[in-house]
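Shown next, in structure tokens, is the structure this report addresses.
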Number of protein chains: 2
Amino acid sequence: MTTINDIARLANVSRSTVSRCLNNNGYVSEEAKERIDKVIKETGYMPSQSAQTLRTKKSGVVGVILPKISTETASRVVSGINAVLQNNGFQLLLTDTSLDPAKEIEFIRLLQAKHVDGIILLATNTEKELLQAIEASKVPIVALGQEIPNIASVTYSDYAATQDMLAYFLEKGHKHIGYIGVYEEDPAVGVIRKQAFMDKMKQLDLVLKDNWVEQGDFSIESGYEAMKRMVESDKSNLPTAVFVATDNMAIGTMQYLKEASYRIPADIAVGSIGASTLSAFVEPTLTTVDFLNEEAGERVATLMLQAFNGKKNTEKLRHSYRLIKRDSV
Amino acid sequence: MTTINDIARLANVSRSTVSRCLNNNGYVSEEAKERIDKVIKETGYMPSQSAQTLRTKKSGVVGVILPKISTETASRVVSGINAVLQNNGFQLLLTDTSLDPAKEIEFIRLLQAKHVDGIILLATNTEKELLQAIEASKVPIVALGQEIPNIASVTYSDYAATQDMLAYFLEKGHKHIGYIGVYEEDPAVGVIRKQAFMDKMKQLDLVLKDNWVEQGDFSIESGYEAMKRMVESDKSNLPTAVFVATDNMAIGTMQYLKEASYRIPADIAVGSIGASTLSAFVEPTLTTVDFLNEEAGERVATLMLQAFNGKKNTEKLRHSYRLIKRDSV
DNA sequence: TTCTTTTGTGGAATCGATACCACATTTTAG
DNA sequence: CTAAAATGTGGTATCGATTCCACAAAAGAA
């Protein structure tokens with residue numbers, strides 16, 4: 001590997017001059033500059049990032065902590081983040097926690113040892129240990145999807161979107177509405193969406209039978225099973241619509257309903273959140289909410305850049321959304 | 001940030017001893033070890049990766065060059081790669097070329113400046129400049145999806161899979177078969193799949209009208225347009241089946257056919273390659289080939305690990321596949 | 001007992017960059 | 001015409017680790 005010393009020697013200047021030329025700060029004469037540029041071109045020299053990082057404490061790398069790397073949401077978000085950061089000369093270091101909260105903490109520390117300039121966290125919980133690890137971090141951390149005390153974040157409009165969907169159900173004449181959600185360790189998806197649902201139901205004074213509320217684990221199968229449990233618990237007394245917390249579970253829900261010969265939406269309508277590609281192609285097409293993940297990714301990335309520019313902020317941005325009305329409601 | 005010097009001072013030993021203890025090589029007494037471990041635990045010290053990298057030339061990071069970060073294939077592959085490498089203590093540095101061949105080359109050089117230990121390349125072409133950049137690389141490079149001279153790779157079974165699909169068409173009684181492919185800069189998808197198709201057609205002595213061959217650009221829309229062109233060019237003389245090079249284009253193809261009131265597969269059957277999630281949910285469900293991307297990712301990652309262990313190999317692995325017979329044929 | 005060998009430790013060089021400082025030379029100002 | 005400011009360059013310390021070498025003390029062998 002050619003180093004800055006080789007360049008200095010070949011161009012007949014000191015290492016300092018090469019460095020000044022590279023970073024164009026300080027004075028460098030035209031002749032020197034030309035000689036150096038020529039040598040650099042010839043040798044294909046690129047400065048060693050690790051040496052630069054060691055010296056300057058800047059690596060040009062941003063760490064991203066994802067709950068699961070191979071989901072549509074993750075890849076959209078990453079794409080948005082990458083679009084912004086790559087343009088600003090940053091690379092992404094991806095880590096996948098496989099939904100293991102302990103790993104979130106581990107990675108926060110590991111990424112710091114790697115001297116990332118910042119961390120973008122797609123958290124799935126807000127446990128105390130996590131908050132401590134964040135607090136202790138030497139590099140800026142921004143969050144996407146969950147609101148976390150003292151740090152800047154972009155969050156989705158879980159509350160508003162859920163209520164909008166309910167309003168839309170009502171508009172379509174539904175008064176008996178069921179709910180399929182996820183576990184409550186996940187504040188955004190598990191807690192807020194459910195809260196929004198419950199609040200709205202109470203506000204509208206609608207009945208909600210106990211067996212109209214079910215829970216899954218994000219997977220298509222779990223949506224299938226949840227709906228099955230709901231139907232089998234009391235066939236004579238079913239809701240005319242079901243709000244499902246995620247697209248995938250909604251697709252499972254629809255699978256079961258079709259198998260059990262319920263017509264969608266005539267017998268039971270289904271609405272959810274996610275706007276997965278799939279949602280546009282299932283039969284019937286799924287009414288859902290687009291959280292504009294890619295845009296949201298761009299937005300956290302922008303927040304990250306702002307943090308780099310010294311702006312100490314703990315801004316909490318709520319990202320917009322779009323209700324996509326299709327055939328399932 | 002606490003450094004190795006702080007640890008040395010607090011534990012009352014020299015920096016060398018701490019280092020030896022950390023890497024457990026050389027002699028360290030039990031007492032010293034205990035004191036050091038205690039101090040490390042208390043301070044939460046982690047060695048600076050950039051200093052280590054600078055000194056040892058090993059970064060624990062593997063670069064991945066992707067044509068496009070937010071595709072289902074990419075995320076499956078990355079997930080497979082990550083599963084293997086993360087377990088072996090490596091992190092992934094992702095780059096997205098946005099299908100720009102110049103960026104592939106740029107990233108190969110950039111990643112080296114970042115001192116990645118190796119590069120996994122999902123190439124979209126095999127142009128001379130790219131091969132030169134690979135040749136010039138100081139770190140091991142392995143490829144996925146394209147066969148590249150002198151380097152180890154995992155490639156998909158494009159040829160065999162295409163011919164298998166044709167055989168299946170025949171089995172179902174189709175003799176008039178059309179083809180929708182992509183541009184030929186892409187050796188794997190553009191050239192080999194087409195070659196396999198043409199070879200088999202010739203071998204079976206089947207007629208192939210000029211207007212039965214069309215081209216798209218991987219997108220759903222381009223599949224729609226390609227099929228439209230085929231149909232409109234000569235409605236009275238259409239194939240009874242179409243092989244489409246990718247799932248997405250096949251889905252576009254089916255969209256057009258349905259709009260134009262052709263029944264699938266009764267009037268025209270459709271088969272493709274990709275096994276996207278979508279393919280299982282469209283109406284009718286799409287007959288396709290599963291290239292087992294995640295497994296393939298694990299496999300290149302393993303190849304990468306072997307390269308780290310000094311095994312100089314240029315093995316060319318062909319990954320297996322599965323024909324998924326569904327309703328569109 | 002004396003001579004090797006093993007065990008344990010610290011000093012110093014090194015990796016490849018940056019940045020501060022000192023110094024020389026040129027340019028500009030008063 | 002001299003003082004001050006601007007320009008250009010090299011020397012050297014430094015970032016935080018690893019690693020080789022020298023050396024001392026303890027253990028084992030002769």
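In this text, all values refer to a predicted model and were calculated from it rather than measured experimentally. Sequence lines set the chain letters: A, B, ... in the order given, protein chains first and strands last, and positions in each chain run from 1.
Atom pair A:Tyr45:OH and C:dG16:P shows a separation of 10 Å (rounding to whole Å applied). In this structure, the CG atom of B:Asn5 is 7 Å from the P atom of D:dA17, given to the nearest Å. Between the CD atom of A:Glu30 and the C1' atom of D:dT9 there is a distance of 16 Å, rounded to whole Å. Straight-line distance from the CD1 atom of B:Ile36 to the C1' atom of C:dG10: 12 Å, rounded to whole Å. Atom CD of B:Glu31 and atom C1' of C:dG8 are 10 Å apart (whole Å). Here the C1' atom of nucleotide D:dC20 and the CG atom of B:Asn25 are 12 Å apart, to the nearest Å. Protein atom CD of B:Gln112 is 15 Å distant from nucleotide atom P of C:dG16, rounded to whole Å. As rounded to whole Å, 8 Å separates atom P of C:dG10 from atom CZ of B:Arg20.
Side-chain N/O atoms of A:Lys57 include one lying less than 4.0 angstrom from OP1 or OP2 on D:dG16. Of the side-chain N and O atoms in A:Tyr27, none sit less than 4.0 angstrom from OP1 or OP2 of D:dG8.
Annotation: of the two residues near DNA chain C, B:Asn12 and A:Gln52, the 5′-most nearest-nucleotide partner is B:Asn12. Nearest-nucleotide positions on DNA chain D for B:Leu54 and B:Ser16 put B:Leu54 closer to the 5' end.
When heavy atoms are screened at a 4.0 angstrom cut-off, B:Ser19 is found touching base atoms of the nucleic acid.
Here the side chain of B:Ser29 is nearest to one of C:dG11, C:dT9, D:dG16, namely C:dT9. For B:Ala51, counting side-chain heavy atoms from C-beta on, the closest listed nucleotide (D:dT9, C:dA17, D:dG16) is D:dG16. Distances from the side chain of B:Val28 to the nucleotides C:dT9, D:dA17, D:dT9 place C:dT9 closest. Listed nucleotides D:dT12, C:dT9, D:dG10 differ in distance to A:Ser14; the shortest reach to its side chain belongs to D:dG10. Proximity note for A:Thr3 (side chain, C-beta onward) versus D:dG10, C:dG16, D:dG16: the nearest is C:dG16. Nearest nucleotide to the side chain of B:Arg15, out of D:dA17, C:dA17, C:dT9: D:dA17.
A perpendicular orientation is assigned to the rings of A:His319 and A:Tyr156, their planes being inclined by more than 60° (bins at 30° and 60°).
Under the salt bridge (charged side-chain N to carboxylate O under 4.0 Å, His left out) criterion, the residue pairs touching residues 75-84 of chain A are A:Glu72-A:Arg76, with sequence neighbours excluded.
Judged by distance alone, with hydrogens and angles left aside, the side-chain atoms of B:Thr155 form no donor-acceptor pair with the main-chain N or O of B:Leu144 at under 3.5 Å.
A salt bridge does not link B:Glu135 to B:Lys128: none of the charged side-chain nitrogens sits closer than 4.0 Å to a carboxylate oxygen. Contact check on B:Glu42 versus B:Lys38 returns a salt bridge, with a Lys/Arg side-chain nitrogen under 4.0 Å from an Asp/Glu carboxylate oxygen.
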